[in-house]
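Worksheet: the structure to be examined is printed underneath.
So that the names make sense, note that chain A is the first sequence line, chain B the second, and so on, each numbered from 1.
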Amino acid sequence: MKRILSLVCLFGLSLPAVVQASKAQEFTLTNGLKLIVKEDHRAPVVVTQVWYKVGSSYEHLGVTGVSHVLEHMMFKGTQQFKPGEFSRIISEQGGQENAFTGQDYTGYYQKLESSRVETSFKMEADRMHNLVLLEDEFKKEVEVVKEERRMRTDDKPTRKTAEIFHAAAFRYSPYSAPIIGWMNDLDNMRLSDLANWYKLWYAPNNATIVVVGDVNTAFIVYLAKKYFGAIPRVDMPPLKPIHEPEQLGVKRLEVKLPAKVPYMIMGYKVPVINTADIEWEPYALEVLINVLDGGNSSRFSKTLIREKSIAASISTSYSASERLDTLLTFSAVPTKNHTIADVEHALRGQIELMKTTLVTPAELNRVKAQVMADTIYQQDSGFYQAMQMGSLETTGVGWRLLDSYVDKLKAVTAEQVQTVAKKYLIDKGLTIAELKPQPMTKNTQLPARLSTGRH
Amino acid sequence: MRQAIVLICLFLSFSNAHAGLGIQHWVTSNGAKVYYVPSPGLPMVDIEVVFNAGGARDGKAPGVAKLTNALLDQGAGALSADQIAVVMDDVGAQMGNSSLRDMAIVTLRSLTDPDYLKPALKVYADVIQAPTFPVADFKRIKQQMLLIVEKAKESPASIASKAFYKAVYGDHPYGQPAGGTEASLTAITQEQVKAFYQQYYVANNALVAIVGDVDRAQAESIAETVTAKLAKGKAADKLPEAKPLTEAKTIHIDFQSSQSTIVMGQVGMHRQEPDYLPLYIGNHSLGGSGLVAILAEEIREKRGLSYSTYSYFSPMAEKGPFISSLQTKNDQVPEASKVLSETIAKYIETGPTAEQMSASVNNITGGFALRVDSNAKILQYLAMIGFYNMPLDYVDTFITRARAVTHSQIKAALKKHLNPNAMVMVVVGKAAK
């Protein structure tokens, strides 16, 4: 699940970018199911993804993590298939499959040799409305999820710091909770929580199917109608608006954990495409983060990493295509000779510069060249194209943004970058967390115990 | 998400292939091997130059291979690191480097429009052939590597992996940490890096892989541009043989974590192993097929003991390891380690059932198109085929060869290559006492 998050983080600006989406076609069945098909005949393969509009940002305290646990249980049997059969059937077909949960979506996918695409439709339609939730399976699977949480977060000092940071930055928005859920809620989760969640959100009118690959569009439409057409629409209550109350000053926290290397993460409250009152602001923010941290020629790489060697690594993240207001974050590891305070001072110096001085035409052009090139490179992967369209559609931005995205970025001016820096990169909306490494137990310093023999 | 297992396994155990990839092969004027597949359709090209200069060549200076590789783009020809970065970013080109145990890699992804490709290619060629290793950058990258070594001490998985390789390979080059140690990195000098470069970054020790929207003449020109100025030199020596252990070893490392990481395995096979396919298919059933694998079934599906559990062979120039792994909360270590070792021991004894074998073969052959469905993936195959001197039609004949493997071949190969009584097991976590 966090893989999607890191996709967002890693690719920063490149997430919603052009994939010649104009070649894609959209259809809606009478039960509300949306279908997006993009033919790509470079290789005899197809990726099928089913996206549901539900994720951790739909959850409330007490059931955090329920979207993700339900994602796991979607492999645990239907009226027709026993637990594990889904995976076995896809595997026998030579397929690769997986699923992911994000803040704003839950998704399932299969990659298959293209003549076998019907298997995906048959199996996904079945589990969209015939899931059987078994107590025995649930009891084991929720333990698997807890192990996942331990592996991804609890035993990773920087990930744990980032989790605590998000919880502090948002006091109301559901983005405060981790996608995988708080351990307390996993400990107390019930099968009925999952059953309710499934009943509430898993319906054709809350789903989008994305197909990219060596297929015939008309045939895919036929398959969608054949397998999903009869699944009834479910009435769901309209989503209530969510507005994080205004932050009124810097929030600062320290995280003391056994660790070896210090780390800091700071983030500013910013709008996204879905929430921005002024249409160009999210695009200006994307240009801004790329001037600061896009590529080896960026200001951070050039000045803070190479010239001054204050930070050993810096990572910048902002995704304009989320459902709700989000954070623009900078995280960094100081070099040996510098402190967290040095790093914060240096980062804030660079941020101030964005407010006082216009970015240069060369910098703007460089960002635009990178974005344009990325739009070509991304087409090497059908899976990535499907991910872009599915996430944009599911967060409410709409997949057609891909057609205009490059133009919107190209239209961003140096003045607009300065404007968003002044408006959003301010102390009032800032949260800063510092990982303060604590000594690790003395045992770790001892040489490993060695025993020989059969186990 | 469900599991990283599938991805990890695909990545580490290449195997599948596409009928008629049509690899073109030649040697540059300077002696470097070239592997090229034209791929029109997108106006882009991927280039990868690989040297036999990975961590296995570190000798008495663990980390020198990685440090050398990391420094290539920090100053080359007349350009500084800043200038190199600007040229690449101005044309949206992506240059990368990486250093594995066998391979040292430098990649370039660029648009093929000459206005974009030309400047990128010129700098890329300098990075490969004329790195300058400036002293300030040398110190900075070395500090970064030291920090990575320090940070790895926070990670149970990194600690387990390092201990595993050391226990399995001992003094063999594969037993050393490719990222170096605090002591080894501190001691490495700029001169050592330059000497390493001069010895190993030479034409007779190099291959070039090219995939993209360029024709044969362009590909030939690219291959010359990125190798002509290399010294001819000589190919790296053959690595010493990796000998299997004769008895089992269990290593516990106390660590303050909520979960313990278990890694178990032994010396596996090399890339030229005649039993490669029987072992690959055999492992696919055991731990190489994600959630439907036997290990996932026993450990995750039946008992809920771990999120991620898998096994794989990592064939390399010399015998790479066979590795299995899981993570589980500390108090479940006795049960989980027992299930892991017993499942593997039993499997070595009995092999897959006919149904399990057929399911694996169906997955491997039925999904082979997925393994070569992008320029990026084809590029990886070219590098592998070139580096390990595999047949040019390796990919084209893969399905036929996989289908020809018999049940008894798999059983015999598992018994021949894996010894349940000589496995290394590393457990990193808080000991339950």
Side-chain angles (χ1 to χ4, degrees), chain A residues 1 3 42-45 72 84 87-88 91-96 98-100 111 113 140-141 143-144 147-148 150-151 154-155 157 258-261 295-297 301-302 306 309 312 333 335-336 366 369-370 372-374 376-377 379-381 440-441 443-444 448-455, chain B residues 1-3 6 41-44 81-82 85-86 88-92 109 111 140 143-144 147 150-151 153-154 156 163 247-259 289 291-292 300-301 303-304 306-308 327-329 341 359 362-363 365-367 369-370 373-376 421 425:
Chain A
M1 44 143 252
R3 179 139 51 94
R42 295 173 70 228
V45 299
H72 277 237
S87 300
R88 250 182 290 281
S91 184
E92 279 271 354
Q93 291 285 318
Q96 300 166 10
N98 212 322
F100 47 84
K111 295 193 257 183
E113 189 273 315
K140 286 184 290 183
E141 200 60 26
E143 293 304 318
V144 168
E147 295 294 356
E148 182 179 358
R150 291 181 191 106
M151 185 184 84
D154 294 333
D155 289 342
K260 286 285 182 184
V261 176
N296 282 333
S297 69
S301 290
K302 181 180 189 298
R306 285 197 297 272
S309 282
V333 173
T335 52
K336 193 112 190 159
R366 197 171 298 141
Q370 288 175 285
M372 274 169 49
D374 280 348
I376 305 289
Y377 302 152
Q379 293 174 59
D380 194 37
S381 164
M440 306 187 79
T441 49
N443 284 342
T444 58
R449 298 198 315 270
L450 189 77
S451 58
T452 301
R454 210 181 152 173
H455 48 251
Chain B
M1 54 152 236
R2 289 283 285 178
Q3 80 273 49
V6 175
L42 293 173
M44 58 184 273
D82 285 353
V86 166
M88 290 296 175
D89 287 353
D90 270 349
V91 294
R109 169 168 271 199
L111 301 177
R140 178 171 50 80
Q143 284 301 322
Q144 284 181 5
L147 208 60
E150 192 66 6
K151 185 137 185 78
K153 295 177 188 167
E154 290 174 0
E247 56 181 2
K249 265 191 211 173
T250 302
I251 298 167
H252 289 275
I253 300 174
D254 282 327
F255 190 80
Q256 198 171 338
S257 50
S258 63
Q259 226 180 18
S289 45
L291 288 178
V292 303
R300 173 170 164 162
E301 302 297 296
R303 297 179 176 85
S306 183
Y307 169 67
S308 161
Q327 309 84 22
T328 194
K329 65 179 170 181
S341 50
N362 285 341
N363 177 262
T365 56
L370 299 168
D373 66 358
S374 68
N375 293 0
N421 299 321
M425 179 182 276

inquiry  = Assess the residue pair A:Lys140 and B:Arg300 against the criterion (side chain to side chain contact (heavy atoms under 4.5 Å, CB included)); give the C-alpha distance rounded to whole Å, side-chain angles, the decisive distance to 0.1 Å, and a yes or no.
reply    = CA-CA 8 Å; A:Lys140 286 184 290 183; B:Arg300 173 170 164 162; over 6 Å; no

request  = Using a cut-off of under 4.5 Å on heavy-atom pairs, state which of A:Pro258, A:Ser301, A:Gly84, A:Ser381 scores highest against chain B.
outcome  = A:Pro258

message = Which atoms of A:Arg42 are under 4.5 Å from chain B, going by heavy atoms: the side chain, the backbone, both sets, or neither?
response = side chain

For chain B, the option from A:Pro157, A:Ser297, A:Gly295 that forms the most heavy-atom pairs under 4.5 Å = A:Ser297

inquiry  = Please report the interatomic distance CD(A:Gln96) to CG(B:Asn363), rounded to the nearest 0.5 Å.
reply    = 8.0 Å

Engaged part of A:Ser91 at the chain B interface, taking heavy atoms whose separation is under 4.5 Å = both

ask   = Rounded to the nearest 0.5 Å, what separation is found between the CE atom of A:Met440 and the NZ atom of B:Lys153?
value = 10.0 Å

note = Between A:Glu113 and B:Ala369 the two heavy atoms that sit nearest each other are CG-CB, 4.4 Å

ask   = Which heavy atom of B:Ser308 sits nearest a heavy atom of A:Met151, and at what distance?
value = CB-SD, 4.4 Å

ask   = Who among B:Asp89, B:Asp90, B:Leu42, B:Asn362 has the most heavy-atom pairs with chain A under 4.5 Å?
value = B:Asp89

Closest non-hydrogen atom pair between A:Ala373 and B:Val91, with its separation = CB-O, 4.4 Å

ask   = Between B:Gly366, B:Ala376, B:Pro156, B:Ala81, which has the largest tally of heavy atom pairs under 4.5 Å with chain A?
value = B:Gly366

Closest non-hydrogen atom pair, B:Pro43 against A:Ile376 = CD-CG2, 3.8 Å

message = Please check: side-chain N/O of A:Lys336 versus main-chain N/O of B:Leu147, any donor-acceptor pairing under 3.5 Å?
response = no

key: Close side-chain approach of A:Lys111 and B:Leu370, heavy atoms under 4.5 Å   = yes

query = Salt bridge check: are A:Asp380 and B:Arg109 linked by an N-O gap of less than 4.0 Å?
reply = yes

Side-chain (A:Tyr377) to main-chain (B:Gly92) donor-acceptor, under 3.5 angstrom = yes

ask   = Which bit of B:Gln259 comes within less than 4.5 Å of chain A, counting heavy atoms only: side chain, backbone, both or neither?
value = both

key: Distance (rounded to the nearest 0.5 Å) between A:Glu143 CD and B:Ser306 OG   = 12.0 Å

request  = Would you check if A:Arg366 and B:Val86 make a side-chain contact, meaning some heavy-atom pair closer than 4.5 Å?
outcome  = yes

message = Pair B:Gln327, A:Glu147 - check side chain to side chain donor-acceptor pair (under 3.5 Å), show working.
response = CA-CA 7 Å; B:Gln327 309 84 22; A:Glu147 295 294 356; over 6 Å; no

Proximal component of A:Gln93, with respect to chain B [non-hydrogen, under 4.5 Å] = backbone

note = Tightest non-hydrogen contact, residues B:Glu154 and A:Ala259, listed as OE2-CB, 3.4 Å

